[in-house]
Amino acid sequence: MVVRTRFAPSPTGFLHIGGARTALFNWLYAKNRKGQFILRIEDTDYSRSNEESVNAILDGMQYLGLTWDEGPFFQSERLTIYRQYSERLVDQGKAYRCFCTKEELDAERARLLKEGQKPMYNRRCLHAPPGGREEHVLRFQCPDEGETVVEDLVKGTVRFKNQELDDLVIVRSDGMPTYNFTVVVDDALMGITHVIRGDDHLNNTPRQIQIYHALGFVPPLFGHVPMILGSDRARLSKRHGALSVTAYREAGYLPEAMTNYLVRLGWSFGDQEIFSVDELVEKFSTDNIGKSSGTFNPEKLLWVNHQHIINSPPERIARAALPFFQRIGADPSKHPRYEYAVITLQERSKTLAELAESGLFYFTEEIEMEEEGRKKFLKADMGPPLAYLAEILEDLDPFEEVGVAGCFEKVMKRFLMKLGKIAQPARVALTGKRVSPGIYEVIWVLGKDVSVGRLRRAVDLIRLDSENL
RNA sequence: GGUCCCAUCGUCUAGUCUGGCCUAGGACAUCGGCCUCUCACGCCGAAAACGGGGGUUCGAAUCCCCCUGGGAUCACCA
């Protein structure tokens, strides 16, 4: 059997963390089983849907690399199909017109609630519809005996008594079909074999199964994955940090790190924490999806991103980091040793934004000098050693990292200094900061001219300072 | 409130199905230390959990029941 899964968001906002994870699970399952993944936009709620959201969702999926094999399909373009099926249900006596007004329904609901009963539709229009009214909805007539069983891929067997379910609206008074109806028609018609979605849908599943049966369709397999909660155990919201996946792209998170973290939140493979996308595809299964809800932990996501930055080939990181450099006014793309610079930055950068920030000194003409670093390390006695370092670096040929180390040896020997004593001032002179990659590699990446120039500028600075005293 | 789901370190989790190998393992974060030209990486170590109560059993984190707690859902939203 060819597996077909889908992601069916409603376009009422951007692609958020929870939706992305649902999409990811479906995508992984399809890929793992060599099946197809379908994208469908559920935009039957006209008043809440908008095109901007559609684009935002597509954008988020592209960032994560969740490619779809079919679609996107839009429910708003399939209205005649739904009409066909809803009319069939009416003809077969499985759905009926309901003329109750919203006010009547609300009042009835309030009355039942007040009397401590459950608010279910009383089927007035099934038995004795009020005459003289035009406006109506269509209700699906639920069986009121027996039970509907969901054999869930993650939750196991879940039973619902049919008498707990009331007759739900499948077509609104304006003729628009509702979610529980369209989702069934589409999943059936699109040949979806596995529906993996948030467990907030578990309660809808028995009614959907009934609609499948009423329509003569075979229900797919369902897998209801636990939701992601925020740090306060409440449903994830803006308060818990960025929600949109593209916000993480802007912040410098690698898509493979996002997918790694997201899938690992609720799914596990022994003790393994770091997975490539290919590994995920290979190892993913609904068997080891956890049953309990998880809490979104931005700090672990940051660590996962860090791991992926460290483990990626430098050329990949170099390419991914380029926009982040450009954003802060540098263009390292033409720099002969850009990739080598990236290597020196990888293990100390948790995000691409951070990487660009801390590597900016490699690619700017003028470096900004940290006041504290200058005060602490560029003192009068450092003038001669730095001047000497500049001098021997200038004579170094070939200009290679080992040779650079040798130059430091010479300075240490001549001035009887430990490496720490000379390295820190050199670091400030060359990078403007007290924190940087290893000093030899910094010098090598910077090249002879820039290194010597910056060292001499620092020497001048020191002289100026001492003259002013 | 009804219905449904869930319950192992602060967090993500392994172990639960197929009881004994669990004095409960890993990871993030935290705290100590090592390495060291700074920062990081890396390494070593510490602290940290089976929600409670009953059963079943020679033996329960694991099976059963109750309680408690958390979550979801009860729309002419999806």
Side-chain angles (χ1 to χ4, degrees), chain A residues 8-12 42-45 47-49 75 98 100-102 105-106 109 113 116-120 135-139 150 152 154-156 158-161 164-166 168-180 182-183 197-206 224 226-227 229 231 233-235 261 264-274 288 290-304 306 310 344-350 358 373 377 405 408 412 418-428 431 433-440 442:
Chain A
S10 63
T12 55
E42 310 225 319
D43 55 352
T44 55
D45 186 0
S47 59
R48 301 202 311 161
S49 304
Q75 290 192 323
C98 170
C100 297
T101 65
K102 203 161 189 164
L105 259 17
D106 286 345
R109 197 167 13 244
L113 231 34
Q117 301 187 51
K118 32 190 137 173
M120 292 173 65
E135 198 170 279
H136 65 274
V137 301
L138 249 37
R139 283 186 188 273
V150 181
D152 197 87
V154 348
K155 303 281 187 183
V158 185
R159 296 167 182 283
F160 295 87
K161 289 190 178 58
E164 299 289 344
L165 278 17
D166 65 354
L168 74 157
V169 173
I170 58 172
V171 178
R172 293 181 269 215
S173 52
D174 65 357
M176 286 298 268
T178 62
Y179 164 74
N180 279 111
T182 57
V183 76
R197 67 204 338 181
D199 67 5
D200 50 336
H201 285 289
L202 186 53
N203 288 308
N204 285 325
T205 307
H224 287 94
M227 318 204 57
L229 307 178
S231 45
R233 305 295 299 168
R235 203 181 186 139
Y261 174 73
R264 204 34 205 76
L265 177 53
W267 174 87
S268 60
F269 192 81
D271 284 339
Q272 189 172 346
E273 297 284 352
I274 302 299
N288 30 28
K291 291 177 164 201
S292 52
S293 51
T295 308
F296 181 71
N297 184 343
E299 289 187 320
K300 184 140 186 185
L301 169 60
L302 194 60
W303 176 79
V304 171
H306 188 27
I310 290 175
T344 71
L345 298 166
Q346 275 175 285
E347 70 184 9
R348 56 201 102 224
S349 308
K350 292 195 201 299
S358 57
F377 295 111
F408 274 84
M412 286 156 67
K418 285 192 180 164
L419 182 54
K421 180 88 164 114
I422 178 74
Q424 276 304 83
R427 189 185 317 283
V428 173
T431 71
K433 295 180 289 192
R434 286 165 297 170
V435 169
S436 84
I439 198 68
Y440 308 146
V442 163

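Order of the sequence lines sets the chain letters (A, B, ...), proteins ahead of strands, with each chain counted from 1. These numbers come from a predicted model, not from an experiment.
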Under 4.0 Å protein heavy-atom contact, by nucleotide of nucleotides 47-52 of chain B - B base, S sugar-phosphate only:
------
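If you check B:U56 for Watson-Crick or wobble pairing at under 3.5 angstrom, you find it has no partner at all. B:A46 is paired with B:U30 under the Watson-Crick or G-U wobble criterion, all donor-acceptor distances under 3.5 Å. Base pairing analysis places B:U16 opposite nothing; no Watson-Crick or G-U wobble pair with both distances below 3.5 Å involves it. Nucleotide B:C22 has no partner under the Watson-Crick or G-U criteria, as no pair reaches both atom distances under 3.5 Å. For B:C37, there is no paired base (Watson-Crick or G-U wobble, both distances below 3.5 Å). Figure legend. B:G2 is base-paired to B:U73; pairs are counted as Watson-Crick or G-U wobble with both atom distances under 3.5 Å.
Look at the C1' atom in both B:C28 and B:U73: the space between them is 32 Å, to the nearest Å. Taking atom P in both B:G25 and B:G19, the straight-line distance is 22 Å, to the nearest Å. The same atom, C1', is picked in B:A14 and in B:A24; the two are 10 Å apart, to the nearest Å. For B:C65 and B:G26, the P atoms lie 33 Å apart once the distance is rounded to whole Å. Between B:C21 and B:A29, the distance separating the two C1' atoms is 31 Å to the nearest Å. Between B:C9 and B:G55, the two P atoms lie 25 Å apart (nearest whole Å). Taking the C1' atom of each, B:A48 and B:G10 are spaced 8 Å apart, rounded to whole Å.
You'll find that the side chain of A:Thr178 is closest to B:A78, out of B:A78, B:A29, B:C5. Among the nucleotides B:U3, B:C5, B:G71, the one closest to the side chain of A:Glu164 is B:U3. The side chain of A:Trp303 lies closest to B:A27, out of B:C5, B:A27, B:U3. Considering only the side chain of A:Asp45, B:C77 comes nearest among B:C4, B:C77, B:C76. Closest contact between the side chain of A:Ser268 and the listed nucleotides B:C77, B:A14, B:C5 involves B:A14. Considering only side-chain atoms of A:Lys300, the nucleotide from B:G26, B:C4, B:U13 that sits closest is B:G26. Comparing B:A29, B:C74, B:U73 against the side chain of A:Asp200 picks out B:U73 as the nearest. Comparing B:C4, B:A78, B:G10 against the side chain of A:Asn297 picks out B:G10 as the nearest.
Summarising the geometry, atom CG belonging to A:Asp199 is positioned 4.0 Å from atom NZ belonging to A:Lys155; distances are rounded to the nearest 0.5 Å. For the atom pair A:Leu202 CG and A:Arg197 CZ, the distance stands at 8.5 Å (nearest 0.5 Å).
A:Arg109 has no side-chain polar atom (N or O) that falls below the 4.0 Å cut-off from OP1 or OP2 of B:C74. Dashed line: the shortest gap from a side-chain N or O of A:Arg172 to OP1 or OP2 of B:A78 is under 4.0 Å. Contact annotation: A:Lys291 reaches the phosphate of B:C6 (side-chain N/O to OP1 or OP2, under 4.0 Å).
For A:Asp152, the side-chain hydrogen bond (donor to acceptor under 3.5 Å, both in side chains) partners are A:His224, not counting sequence neighbours.
Across all strands shown, A:Phe160 has heavy atoms under 4.0 Å from sugar-phosphate atoms exclusively, and none from any base. A:Gly290 comes within 4.0 angstrom of nothing in the nucleic acid, heavy atoms only. Backbone-only engagement by A:Thr44 is indicated by non-hydrogen atom pairs under 4.0 Å involving sugar-phosphate atoms exclusively. A:Val137 comes within contact range of at least one nucleobase, with a heavy-atom separation under 4.0 Å. Among the atoms of the strands shown, base atoms are found under 4.0 Å from some heavy atom of A:Ser173.
The two residues A:Ala423 and A:Phe408 make their nearest non-hydrogen contact at CA-CE2, 4.3 Å. A:Arg172 and A:Pro177 make their closest contact through NH2-O, 3.5 Å (heavy atoms, listed as atom of the first residue, atom of the second, distance).
In this structure, A:Arg197 places its CZ atom 18 Å from P of B:C77, rounding to the nearest Å. When rounded to the nearest whole Å, the span between CE of A:Met227 and C1' of B:G70 equals 14 Å. Across the protein-nucleic acid pair, A:Phe269 atom CZ and B:A27 atom P stand 18 Å apart, rounded to whole Å. Rounded to a whole Å, the CE atom of A:Met176 is 10 Å from the P atom of B:C77. The separation between A:Leu168 atom CG and B:C76 atom P is 9 Å, rounded to whole Å. Atom CG of A:Leu105 is separated from atom P of B:C74 by 15 Å (rounded to the nearest Å). Atom CG in A:Asp174 sits about 18 Å away from atom P in B:A75, given to the nearest Å. Distance, A:Arg48 CZ to B:C76 C1': 13 Å, rounded to whole Å.
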Under 3.5 Å, which N/O atoms of the protein pair with N/O atoms of nucleotides 33-40 of chain B?
residue: B:C37; atom: O2'; partner: A:Arg427; partner atom: NH2; Å: 3.4
residue: B:C37; atom: O2; partner: A:Arg427; partner atom: NH2; Å: 2.4
residue: B:C37; atom: N3; partner: A:Ile439; partner atom: N; Å: 3.2
residue: B:U38; atom: O4'; partner: A:Gln424; partner atom: OE1; Å: 3.1
residue: B:U38; atom: O2'; partner: A:Arg434; partner atom: O; Å: 3.2
residue: B:U38; atom: N1; partner: A:Arg427; partner atom: NH2; Å: 3.3
residue: B:U38; atom: O2; partner: A:Ser436; partner atom: N; Å: 2.9
residue: B:U38; atom: O2; partner: A:Ser436; partner atom: O; Å: 3.2
residue: B:U38; atom: N3; partner: A:Arg427; partner atom: NH1; Å: 3.2
residue: B:U38; atom: N3; partner: A:Ser436; partner atom: O; Å: 2.5
residue: B:U38; atom: O4; partner: A:Gly438; partner atom: N; Å: 3.2
residue: B:C39; atom: O2; partner: A:Arg348; partner atom: NH1; Å: 2.6
residue: B:C39; atom: N3; partner: A:Arg348; partner atom: NH1; Å: 2.4
residue: B:A40; atom: O2'; partner: A:Glu347; partner atom: O; Å: 2.5
residue: B:A40; atom: N3; partner: A:Glu347; partner atom: OE2; Å: 3.2

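A:Thr431 contributes no side-chain N or O that, together with a main-chain N or O of A:Val428, makes up a donor-acceptor pair within less than 3.5 Å. A donor-acceptor contact shorter than 3.5 Å is absent between the side chain of A:Ser268 and the backbone of A:Arg264. Under a 3.5 Å cut-off, the side chain of A:Glu299 and the backbone N or O of A:Leu301 do not form any donor-acceptor pair. Counting only distance, with no hydrogens or angles, the side chain of A:Lys433 and the backbone of A:Ser358 share a donor-acceptor pair below 3.5 Å. No donor-acceptor distance shorter than 3.5 angstrom exists from the side chain of A:Arg48 to the backbone of A:Asp43, with no hydrogens or angles considered. Looking at A:Arg427, its side chain does come within 3.5 Å of a backbone N or O of A:Pro437 through a donor-acceptor pair.
Residue side chain A:Glu273 reaches the base of B:G26 through a donor-acceptor N/O pair under 3.5 Å, judged by distance alone. On a pure distance criterion of 3.5 Å, no polar donor-acceptor pair joins the side chain of A:Ser293 and the base of B:C6. At a cut-off of 3.5 angstrom, the base of B:A78 holds at least one donor-acceptor pair with the side chain of A:Asn204.
Ring orientation note: the planes of A:Phe296 and A:Tyr261 are nearly perpendicular, at an angle over 60° on the 30°/60° scale.
Between A:Asn297 and A:Thr295, the side chains place no donor N or O within less than 3.5 Å of an acceptor N or O (distance only, hydrogens not considered).
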